[in-house]
Asks: 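Please read through the structure below; I'll follow up with questions.
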Amino acid sequence: MLSNLSPVVKNLLIINIICFVGSLIFEPATRLFGVHYPDSPLFEIWQPITYMFMHSTDGIFHIFFNMFALVMFGSIIERVMGSKRFLNYYLICGFGALALQYIVQAVELYSITWTISYKASMIFDQSIGRFIPKNWPSMDREGVNTIVSIYNTSMVGASGAVVGLLLAFAYLFPNMPLYFMFIPVPIKAKYFVGAYLLISIYLGFSNSGSSIAHLAHVGGALFGYILIKVWGIKKGYY
């Protein structure tokens with residue numbers, strides 16, 4: 001199967017799998033290589049790149065669906081764009097997802113503290129192994145939980161880059177029928193990706209508890225669309 005994949009897609013697949021296995025063996029890998037808020041004491045300069053190759057170790061579904069989409073759509077897009085441009089597209093979509101992630105986190109932090117930099121007001125609580133606000137007793141529980149989440153939770157996964165690939169596929173092949181499990185009829189690529197993005201936007205602004213992740217996916221698609229327009233890639237191969 002690997003022999004049928006385009007070069008960049010094959011290497012991305014291998015790197016993601018190696019990183020996933022490494023995370024299972026070396027538990028702190030997610031904290032070290034997943035990306036944190038840039039003002040967090042846990043942030044490292046390499047994380048905006050490495051986070052794209054890390055996945056949740058709570059199960060295989062996270063990496064499975066991302067790699068499945070990469071294999072299904074990536075090689076087709078790489079052959080249209082060319083390997084060098086495809087790799088740039090993939091990485092920039094990943095950075096775009098992170099950019100929107102950071103914007104949402106900064107807005108959330110500002111709404112609570114009236115600043116987007118709260119590092120000086122954080123202390124490490126040995127009992128729970130997390131950074132917490134120094135003045136947390138004077139804050140409401142929801143505000144404390146939000147700040148603790150922003151400063152301690154890492155973002156991992158190729159989802160932002162992969163959603164960028166889905167956007168590119170729907171742009172290049174808008175009428176290509178896609179078949180999915182449990183859905184008895186084919187769905188055109190443009191309708192599937194459009195519906196996916198609308199759902200992500202809705203969940204991002206709802207009280208689902210996972211707004212940042214959903215809007216990060218939208219960021220990958222947004223940057224992908226901008227790149228396609230800037231590069232002047234023609235639409236509608238099918």
Side-chain angles (χ1 to χ4, degrees), residues 23 27-59 61-63 65-66 93-164 195-223:
S23 298
E27 187 175 344
T30 300
R31 180 181 62 81
L32 289 173
F33 300 111
V35 69
H36 293 81
Y37 186 64
D39 192 49
S40 170
L42 300 174
F43 176 81
E44 302 290 351
I45 194 170
W46 58 77
Q47 292 175 353
I49 296 177
T50 57
Y51 95 94
M52 287 184 251
F53 304 99
M54 307 297 294
H55 286 84
S56 172
T57 56
D58 292 336
F61 291 105
H62 189 205
I63 187 171
F65 286 113
N66 277 341
C93 285
F95 291 136
L98 180 59
L100 194 52
Q101 159 89 344
Y102 280 160
I103 290 172
V104 172
Q105 287 181 319
V107 169
E108 289 186 326
L109 188 62
Y110 186 81
S111 68
I112 300 170
T113 66
W114 295 97
T115 176
I116 62 172
S117 177
Y118 204 63
K119 186 175 181 178
S121 299
M122 302 296 290
I123 58 173
F124 188 76
D125 190 328
Q126 294 283 357
S127 64
I128 61 175
R130 308 190 80 184
F131 288 93
I132 62 172
K134 289 180 182 178
N135 61 335
W136 69 267
S138 63
M139 303 175 66
D140 62 89
R141 181 176 296 274
E142 183 178 354
V144 171
N145 289 339
T146 299
I147 296 175
V148 169
S149 176
I150 289 173
Y151 276 87
N152 290 278
T153 304
S154 62
M155 175 178 169
V156 295
S159 299
V162 167
V163 173
Y196 176 85
L197 292 177
L198 287 175
I199 292 172
S200 294
I201 293 171
Y202 169 75
L203 292 175
F205 287 103
S206 70
N207 295 319
S208 62
S210 57
S211 60
I212 295 176
H214 286 294
L215 291 179
H217 297 170
V218 175
L222 175 61
F223 273 69

Asks: Are Phe43 and Tyr37 close enough that some pair of their side-chain heavy atoms sits under 4.5 Å apart?
Replies: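 SC-SC contact between Phe43 and Tyr37 ruled out.
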
Asks: CG of Asn152 to OG of Ser40: how many Å apart, nearest 0.5 Å?
Replies: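 Between Asn152 CG and Ser40 OG, I get 6.5 Å after rounding to 0.5 Å.
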
Asks: Is the shortest side-chain heavy-atom distance between Ser23 and Met54 below 4.5 Å?
Replies: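 Contact flag for Ser23/Met54 side chains = yes.
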
Asks: Please test Thr30 against Ser154 for side chain to side chain contact (heavy atoms under 4.5 Å, CB included), starting from the C-alpha separation and ending with a verdict.
Replies: CA-CA 8 Å; Thr30 300; Ser154 62; 3.8 Å; yes

Asks: I need the full list of side-chain hydrogen bond (donor to acceptor under 3.5 Å, both in side chains) pairs touching residues 41-53, with sequence neighbours left out, sorted by first then second residue.
Replies: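 Residue pairs with at least one partner in residues 41-53: His36-Gln47.
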
Asks: Quick check for you: to the nearest 0.5 Å, what is the distance between Leu98 atom CG and Ile103 atom CD1?
Replies: 10.0 Å

Asks: Would you give the length of the straight line joining atom NZ of Lys134 to atom OH of Tyr118, rounded to the nearest 0.5 angstrom?
Replies: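 Lys134 NZ to Tyr118 OH: 9.5 Å, rounded to 0.5 Å.
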
Asks: For Phe131, give me all partners under ring pair (Phe, Tyr, Trp, His ring centres under 6.0 Å), at least two apart in sequence or on another chain.
Replies: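 In terms of ring pair (Phe, Tyr, Trp, His ring centres under 6.0 Å), with neighbours along the sequence ignored, Phe131 is linked to Phe124.
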
Asks: Partners of Ser117 by side-chain hydrogen bond (donor to acceptor under 3.5 Å, both in side chains), sequence neighbours excluded?
Replies: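 Ser117 satisfies side-chain hydrogen bond (donor to acceptor under 3.5 Å, both in side chains) with Asp39 once adjacent residues are dropped.
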
Asks: Output all residues satisfying side-chain hydrogen bond (donor to acceptor under 3.5 Å, both in side chains) with His62, sequence neighbours left out; order by chain, then residue number.
Replies: none

Asks: Checking Ile112 now: which residues fulfil side chain to side chain contact (heavy atoms under 4.5 Å, CB included) with it, not counting sequence neighbours?
Replies: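 So Ile112 forms a side chain to side chain contact (heavy atoms under 4.5 Å, CB included) with Met139, Thr146, Ile147.
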
Asks: If every non-hydrogen atom of Ala97 is compared with every non-hydrogen atom of Gly160, which pair is closest and at what distance?
Replies: CB-CA, 3.6 Å

Asks: Please round to the nearest 0.5 Å and tell me the distance separating atom CD of Gln105 and atom OG1 of Thr153.
Replies: 8.5 Å

Asks: Any sub-3.5 Å donor-acceptor pair from Thr113's side-chain atoms to Leu109's backbone N or O?
Replies: yes

Asks: Could you walk me through whether Ile116 and Tyr102 satisfy the side chain to side chain contact (heavy atoms under 4.5 Å, CB included) test, starting with their C-alpha distance in whole Å, then the side-chain angles of each, then the deciding distance to 0.1 Å, before giving a yes or no?
Replies: CA-CA 10 Å; Ile116 62 172; Tyr102 280 160; over 6 Å; no

Asks: Any chance you could measure Ile201, atom CD1, to His217, atom NE2, to the nearest 0.5 Å?
Replies: 13.0 Å

Asks: Minimum heavy-atom separation for Leu42 to Arg31, with atom names?
Replies: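 Minimum heavy-atom separation between Leu42 and Arg31: CD2-NH1, 4.1 Å.
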
Asks: Mind checking side chain to side chain contact (heavy atoms under 4.5 Å, CB included) for Ala221 and listing every partner two or more places apart, or none if nothing turns up?
Replies: Val163, Leu167, Leu197

Asks: Applying ring pair (Phe, Tyr, Trp, His ring centres under 6.0 Å), can you list everything that pairs with Phe223, at least two apart in sequence or on another chain?
Replies: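 For Phe223, no residue satisfies ring pair (Phe, Tyr, Trp, His ring centres under 6.0 Å) once neighbours in sequence are set aside.
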
Asks: What orientation do Tyr110 and Trp114 show, parallel under 30°, tilted 30 to 60°, or perpendicular over 60°?
Replies: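 Aromatic pair Tyr110/Trp114 classed perpendicular.
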
Asks: So, the side chain of Lys119 versus the backbone of Pro38: is there a donor-acceptor pair under 3.5 Å, distance only?
Replies: no

Asks: Tell me every residue that passes side-chain hydrogen bond (donor to acceptor under 3.5 Å, both in side chains) with Ser159, counting only those two or more places apart in sequence or in another chain.
Replies: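 Applying side-chain hydrogen bond (donor to acceptor under 3.5 Å, both in side chains) to Ser159 gives Asn66.
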
Asks: To check you understand the geometry: which heavy-atom pair defines the closest contact between Val218 and Ser200, and what is its length?
Replies: CG2-CB, 3.8 Å

Asks: With sequence neighbours left out, write down each residue that passes side-chain hydrogen bond (donor to acceptor under 3.5 Å, both in side chains) with Ser111, or none if nothing qualifies.
Replies: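 Ser111: no side-chain hydrogen bond (donor to acceptor under 3.5 Å, both in side chains) contacts found.
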
Asks: In chain order, what residues pass the side chain to side chain contact (heavy atoms under 4.5 Å, CB included) check against Ile128, with sequence neighbours excluded?
Replies: Asp125, Arg130, Ile132

Asks: Which heavy atom of Val148 sits nearest a heavy atom of Pro133, and at what distance?
Replies: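 Taking every non-hydrogen atom into account, CG2-CD, 4.0 Å.
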
Asks: Of all residues at least two apart in sequence or in a different chain, which pass the ring pair (Phe, Tyr, Trp, His ring centres under 6.0 Å) check with Phe95?
Replies: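 With sequence neighbours excluded, Phe95 shows a ring pair (Phe, Tyr, Trp, His ring centres under 6.0 Å) to no residue whatsoever.
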
